[in-house]
Every structure is written in C-alpha cells, then in structure tokens.
Novice: 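There's a structure below that I have some questions on.
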There are 2 protein chains.
Amino acid sequence: MRRPTIVDIARVAGVSKGAVSYALNGKPGVSDRTRQRILDIARDLGWAPSGPARALSPGGRVGAVGLVVDRPAPALGVEPFFMQLVSGIETELTAAGVDLLLHVTEDQAEELAAYRRWAAERRVDGVIMVDLRTDDPRVAALEELPLPAVVLGGPEGVGGLPCLHSDETAAMREVVRYLAALGHRRIARIAGPEGFRHTRDRTRAFREAAGEAGLAETRTVYADYTGEAATRATRRLLALAERPTALVYDNDLMAVAGLGVAREMGVDVPSRLSIVAWDDSVLCGLVRPSLTAVVRDTVACGREAARMLLGRVEGEAVASRQAPPGELHPRASTGPLAP
Amino acid sequence: MRRPTIVDIARVAGVSKGAVSYALNGKPGVSDRTRQRILDIARDLGWAPSGPARALSPGGRVGAVGLVVDRPAPALGVEPFFMQLVSGIETELTAAGVDLLLHVTEDQAEELAAYRRWAAERRVDGVIMVDLRTDDPRVAALEELPLPAVVLGGPEGVGGLPCLHSDETAAMREVVRYLAALGHRRIARIAGPEGFRHTRDRTRAFREAAGEAGLAETRTVYADYTGEAATRATRRLLALAERPTALVYDNDLMAVAGLGVAREMGVDVPSRLSIVAWDDSVLCGLVRPSLTAVVRDTVACGREAARMLLGRVEGEAVASRQAPPGELHPRASTGPLAP
DNA sequence: CGTGAAAGCTGAACCGGTTAAGAACGCGGC
DNA sequence: GCCGCGTTCTTAACCGGTTCAGCTTTCACG
C-alpha cells in the first residue's frame, strides 16, 4: 500500500490537486465545505506531506536544521552540555515540526565541509553554530553560504550573524568574591581551549574580578575540556611551591578530574583546596565531595537558539540576545581554608 | 547566484540534462570524453545534487537515517553511551554521505509518533532502534511501517528485524568470578530499568554466574540509569545488616553515584566494598578510586549498526549479528576485603 | 553495399508537492 | 439583458533530479 498523495485525495474528493493543496494548507481558494471534506479524506487516508516534495517546490523549506559538534569524541560522551543543549533545541524544533541533523566532526575543516555540503545539497534550512572562536573562520563561511545561521556566543566576532551570547562577568565576579570571602588569596583557573571565544571572555572577567577583590596572583591555564588535560594541569598547579588554594574549572568534567588529582595527592577538599565547576550536571551532585558549580540553564539556551533560528529561516530579522546569566550553586567542594 | 542545477551544466556542455545525469552518476550512456567534460563543468560550477530532488525521484533515497533516544534528559547528558554510539554511527554514515536525524523523546508514545512521522513524511530512509524492551511495541510498529530498521539488542523479541545483539553472559561470568576470587560472597547488582531487554539478560546471566561460582546470595535491584535512583538503591543496600561487599552497576553514572554513597556512609572502597561499572567512559578513570569497569566498544557497535542499516536501506538481506563481547578492566575500585 | 547491433545522445514522463493564471459560475446593480 | 466582480475551482508550469523509449550515427560483418 503506497503512501497516499494529494492526487489520491483529489481523486476521492473529485477535485483537482490544486484545490487539495489549498485546502490542506489553509489557504483561500476553496469553500469551507470542500475544505472540510478534503481534510476528512486526508485524515482517513492517513496522508502526510512528503518532505522532499515540499522542499523541492519553489521557496520550499526542508524542515530540518543542523548542528555540528566539533569536540574530541571521548570527551563528548560525558560532556553534559551538548545533550542538554540538544534537548532544548529539540523541544522547540519538535513543536515546529522541524528535525535536527547532528554531525560530529574531528576538526574545523570537516565542520566547514559539513556546512557547505548541507547548503549545496539543501539538507537543512539553517544551522546553529557553537563554540565560537576568536577570528572564527566559520563566521565568514556561514555569512557567504545561503544558509541561515545563529551563533551561540559573541557578541563580538559574529559578523552579521545573530547570536545568543552570555555575559559571564557577573557569574565570574560572584565566584571570585565568594572564594575571596572564604579566605582564598591564590585562585587558579583551568580553562577550556584558548581559541574559544567564551574562554577568553571568562579569562578577562576572571582577571578583572580578581583585581576588584584585591587578589594579587591569579593564573589561568588552558586545557581542552577533557579529563586528561585537566588532570595534567591540576597536578602541575598543586605541585607548585605556593600552590593555589582554590581552582575554578571551565566545565564539570575537568572539575571531577581535578577532584581526583587532589585526592591522589592527598590534598583535602575543601579544607585545603576549594573546587568550583563551571556548568552543572548530575555529575557535580554525585561525586564526593559534591561540586560547587556555576549553573547555567543550557536547555533554555538551546530553546532560545532554536527559536531564533526558526525565525531566521522564516526570513524574519532576528536580533542578537543575551542568555540568562549563570548562578553560583555552592556545594561541598568549597569552604574556608583549615587553619 | 542560484545553486547550479544539472540544467545549467547541460546548457554549458551543450547536451541534454539526461546525458548530464548519466555522466554524473557513472552510468553508461555517454562517451568517456563527454562524461569527463561534464564532470569538469560540474566541478567548475560547484554543483552538488539536491537532496530533496534526489529523494523525490522514483525509488530515490532521502540520504538520512534517524535515531530516537528515549531517556530522561538530565541523565542523557552525562550518559557516555549515547554520544559514543552516535559517534560510531556517524563515522559510517558520513563515509556514505548519509545524515543522522536525532530525536530526544519523553516517552515511548512520542518515540512511536516520531517513527510514524518520519515514515509518512519521508524524512529518513531507515532508523536504528535502541533500548529494546521485553514485548517491545516498537518492534511491531516498525515492522508495519515501510521503514527499514535495525535493532540494538536481542536476539529474541525483535520479530523479523535484523538486530545487533550482545551476549553479556561471558562478561558477567568474568565479573562474578573475579569478585568471587577476591573473596566476595555477597554481591549485589544495581541494574537498569527492568523493562529493558538487556537488563533482563544480564540479570539472568548474573544469577547463573553466581550459581556457578557457588555464591548463595545474589540480589538485583532495578534503577533507571540515573544517579538519584542509584544513590537511593545503594543507600538501602549498604544499610542492610548483612550488607553486600561488592556492587555491580549497569552503567558508569550509577557506579559514580554508588561511590559517592559509600564515601558518605564511611564505607571504604575497595577495602570494605568493591564497585564495578558496566560500560566504561572517561568518567571511570577520573573519579577516585578509579572504577573497575566492563568495557564494551560502543563506538564499534554504532559503526556496525549503521553499516547494517545502510545495507537494509539498499535492499540487501541483512543478517543479525553479535557485537563484540565486553571485557573487564580492573582498576582501583575492586580488591580483596580487608581482614 | 546492405544490414544489424551497439554506442551515444535526446525528449519526455515522473516523483509530490506549490502556486500563478485563467475559466466557470452566481449575483447584484444599472 | 448586460456588465463587473468575487468566489471557487481547474489547468499547467515549476522545483531538480532519474530513467525509459526511441532516434541517430557509427561500424563490423557477411
């Protein structure tokens, strides 16, 4: 039994397929009586519009958007950020009957190739770009392609693309003040890749907040969000003569790694070392001591980004927006230094 | 500047669009000279085939397959299994120029609706189904739909669908023997949802292996892969008068949660309690003590499943296969009981 | 030199929708 | 009775490919 088409409906209803199309799309051109009859027949036949056919029509939409994730695969699995983001994006897309294409790449060249292929082959109506970098070549590429795009990150360096950016200054200030209030004077930060835009933003915010709080020595070392890199970085930091008494990690996975290193080196958390994770997930609540974390509503970010993209796909002018700021959720991994 | 089409190529080459189609698809019907000329022109114009147009042609493929993930969203984020699976699937799909549609649902009804919509609207050429349950209603639904499908799990209860199943008996036996050899007599297992097919399989394997090893008392309690459920279950187990001395968790996230509970209750791991995680991820190596785990090559499973599905999409008869068995990787969370 | 077959290419139909242009019809106004 | 107009519907083109039937041209073979 073949998929029913509008021609089948037209035959049963005794009208032309043009009339059926008008009726099904709620456009004027058919009487209410006829429209209802056609809708009934369509329901009875179990008709659903063919995606490819719709897309092929002049001005037609594909009904799908793409997301490329370019991070090392092993880390990805345990990186809660992405699935939360995807979950939020999906919520909004599903409501609009739009599908999500997910692509995992090894490097940025592959990512660019994916965008180009999607545009050339008309696989998607638009894309959401994440992990904005400084002087990101993807921005120029996406601006050239006939492919609506929304950037997660910014607000600078996104060219003419609408972006959903987050101001992390406030959260960073909260973190630094909190740690300073606990008595910490030497705070170090284990950051994400230096090339990422939001990494830089946080580094600047970190330096400024430390200055405000009157902390002399702050230090940021760059890692890549993986446990191994964080492990190495933490070992080095804790081996310093004047070792830091508080560590701020750019994601929760690295914070867990840091916790493990502290344990292994016999540095008690939190009496000798405080640990803060940026980005919360169930993980932070499961390890012991549970991890103090900066909580961002990643699901909401995903939803908002999806909404923005759907707007752009419809041809609306979409303004850049600010995502809700993160908040510090203190748990057991931070505290005053033992005397 | 519009996307170039084969008509544009035809015009430049001075041939009909039929000839261009033959040339571009490597089909006979054009001379080698003409074919080369057409290929050159296509390259110069930056031509790429339109996905929707290809799909619309009689017998055409959409060039995409779908994956629905039906698990609680917060757990998903930190569940390494899925991203590893996706990563493996993607590798194989990318090589074939096929895209992946990912859909996250709240319940099984939504999942079924997604399959039906994908089939009715021709959004995908096939789907990979995961988390097989006992008497799974999705099997019958997928058998009725004109939608090639491959099941992860089995080998029974998949109807006529080809499946990639894993025999976990061997790995389970290895785990139980190992723990028994360390001196453990009371082993408990914190499992995934009872409705999942592989949960049942493991439960049976667990009971059998325990019998073989001469262990009197084994116990399986069911959780849902989330940290909270595992936390509750572990608390209850460790509060028993005759508490188990070894715990086997059905995924790594729950094992991490269990480790936290042990710590909180002052039960030292591994001298008083051994912990084994089923499914390895970076997480297992990051927490302290690092977690002994059963390692399965999830990426390879994803690749194999994708290969099987691509075969089915091409109309080949695809036989069910067995996935490579898991292996025990002992780390620091298991050991002999302290005297 | 005639003939048959193969090679190389064209024209047109087809997939399943959307949409612009136009036809048929009823109706009110003059 | 005729005109103009709005409603309702039909016709046909179009999107960008694939593929089948058929038409030339070439060429080997008897």
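Side-chain atoms are counted along with the backbone in the values below, which use heavy atoms only and exclude waters and symmetry mates. Chain letters run A, B, ... following the sequence lines, proteins first, then strands; residues in each count from 1.
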Novice: What's A10(A) touching, base or sugar-phosphate or nothing? Going by heavy atoms closer than 4.0 Å.
Specialist: nothing

Novice: Contact class for A48(B) vs. all strands (heavy atom < 4.0 Å): base, sugar-phosphate, or nothing?
Specialist: sugar-phosphate

Novice: Among the nucleotides dC9(D), dT18(D), dG16(C), which one has an atom lying closest to any side-chain atom of T5(A)?
Specialist: dG16(C)

Novice: Take atom CG of N25(A) and atom P of dG16(C), then tell me their distance rounded to the nearest Å.
Specialist: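 Those two atoms, CG and P, are 17 Å apart.
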
Novice: Any side-chain N or O of S16(B) below 4.0 angstrom from OP1/OP2 of dT10(C)?
Specialist: yes

Novice: For R122(B) and dG17(C), give me the distance from atom CZ to atom C1', rounded to whole Å.
Specialist: 13 Å

Novice: Checking all strands, does K17(B) fall into the base, sugar-phosphate, or nothing category for heavy-atom contacts under 4.0 angstrom?
Specialist: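 The answer is base, as K17(B) lies within the cut-off (heavy atoms under 4.0 Å) of a base atom.
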
Novice: I would like to know whether R117(A) and D99(B) meet salt bridge (Lys or Arg N to Asp or Glu O under 4.0 Å); could you show each step before the answer?
Specialist: CA-CA 11 Å; R117(A) 191 176 70 85; D99(B) 284 311; 2.6 Å; yes

Novice: Salt bridge between D131(B) and R197(B), side-chain N to carboxylate O under 4.0 Å?
Specialist: no

Novice: So, OP1 or OP2 of dG17(C): does either fall under 4.0 Å of a side-chain N or O from W47(A)?
Specialist: yes

Novice: Looking at the side chain of R3(B), which of dG16(C), dT10(C), dG17(D) is the nearest nucleotide?
Specialist: dG17(D)

Novice: Is there a donor-acceptor pair under 3.5 Å between the side chain of D70(A) and the backbone N or O of E111(A)?
Specialist: no

Novice: Heavy atoms only, 4.0 Å cut-off, all strands: where does S21(B) land among base, sugar-phosphate and nothing?
Specialist: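 Contact class for S21(B): base.
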
Novice: For Q36(B) and D32(B), which I'm curious about, is there any donor-acceptor pair between the side chains at under 3.5 Å?
Specialist: no

Novice: Is any side-chain heavy atom of T298(B) closer than 4.5 Å to one of F82(B)?
Specialist: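 Not touching, per the 4.5 Å side-chain cut-off.
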
Novice: Quick one: are R61(A) and R54(A) in side-chain contact, heavy atoms under 4.5 Å?
Specialist: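 A side-chain contact under 4.5 Å is absent here.
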
Novice: What is the distance, rounded to the nearest whole Å, between atom CD1 of I6(A) and atom C1' of dT10(D)?
Specialist: 13 Å

Novice: For dA7(C), does the base pair up with any side-chain atom of Y22(B) as donor and acceptor (N or O, under 3.5 Å, distance only)?
Specialist: no

Novice: Nearest whole Å is fine: how far is dC14(C) C1' from L56(B) CG?
Specialist: 9 Å

Novice: Report which part of the nucleic acid S31(B) touches: base, sugar-phosphate, or nothing (heavy-atom distance under 4.0 Å, all strands).
Specialist: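 Result for S31(B) = sugar-phosphate.
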
Novice: Between dG17(D), dG17(C), dT19(C), which one does the side chain of A53(A) approach most closely?
Specialist: dG17(C)

Novice: How many Å lie between NZ on K27(B) and P on dC9(C), as a whole number?
Specialist: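 Going from NZ in K27(B) over to P in dC9(C) covers 17 Å.
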
Novice: Between P on dT19(D) and CZ on R54(B), what's the gap in Å once rounded to a whole number?
Specialist: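 After rounding, the reported distance stands at 9 Å.
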
Novice: Given atom CZ of R2(B) and atom P of dC15(D), what is their separation to the nearest angstrom?
Specialist: 8 Å

Novice: Which whole-number value in Å describes the distance from R33(B) CZ to dA7(C) P?
Specialist: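 From R33(B) CZ to dA7(C) P: 18 Å.
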
Novice: Considering only dT11(D), dG17(C), dT18(D), which nucleotide approaches the side chain of S50(A) most closely?
Specialist: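 Nearest listed nucleotide: dG17(C).
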
Novice: Considering only side-chain heavy atoms of P58(B), which listed nucleotide, dA21(D), dG17(D), dC15(D), is closest?
Specialist: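 Between dA21(D), dG17(D), dC15(D), the one nearest the side chain of P58(B) would be dG17(D).
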
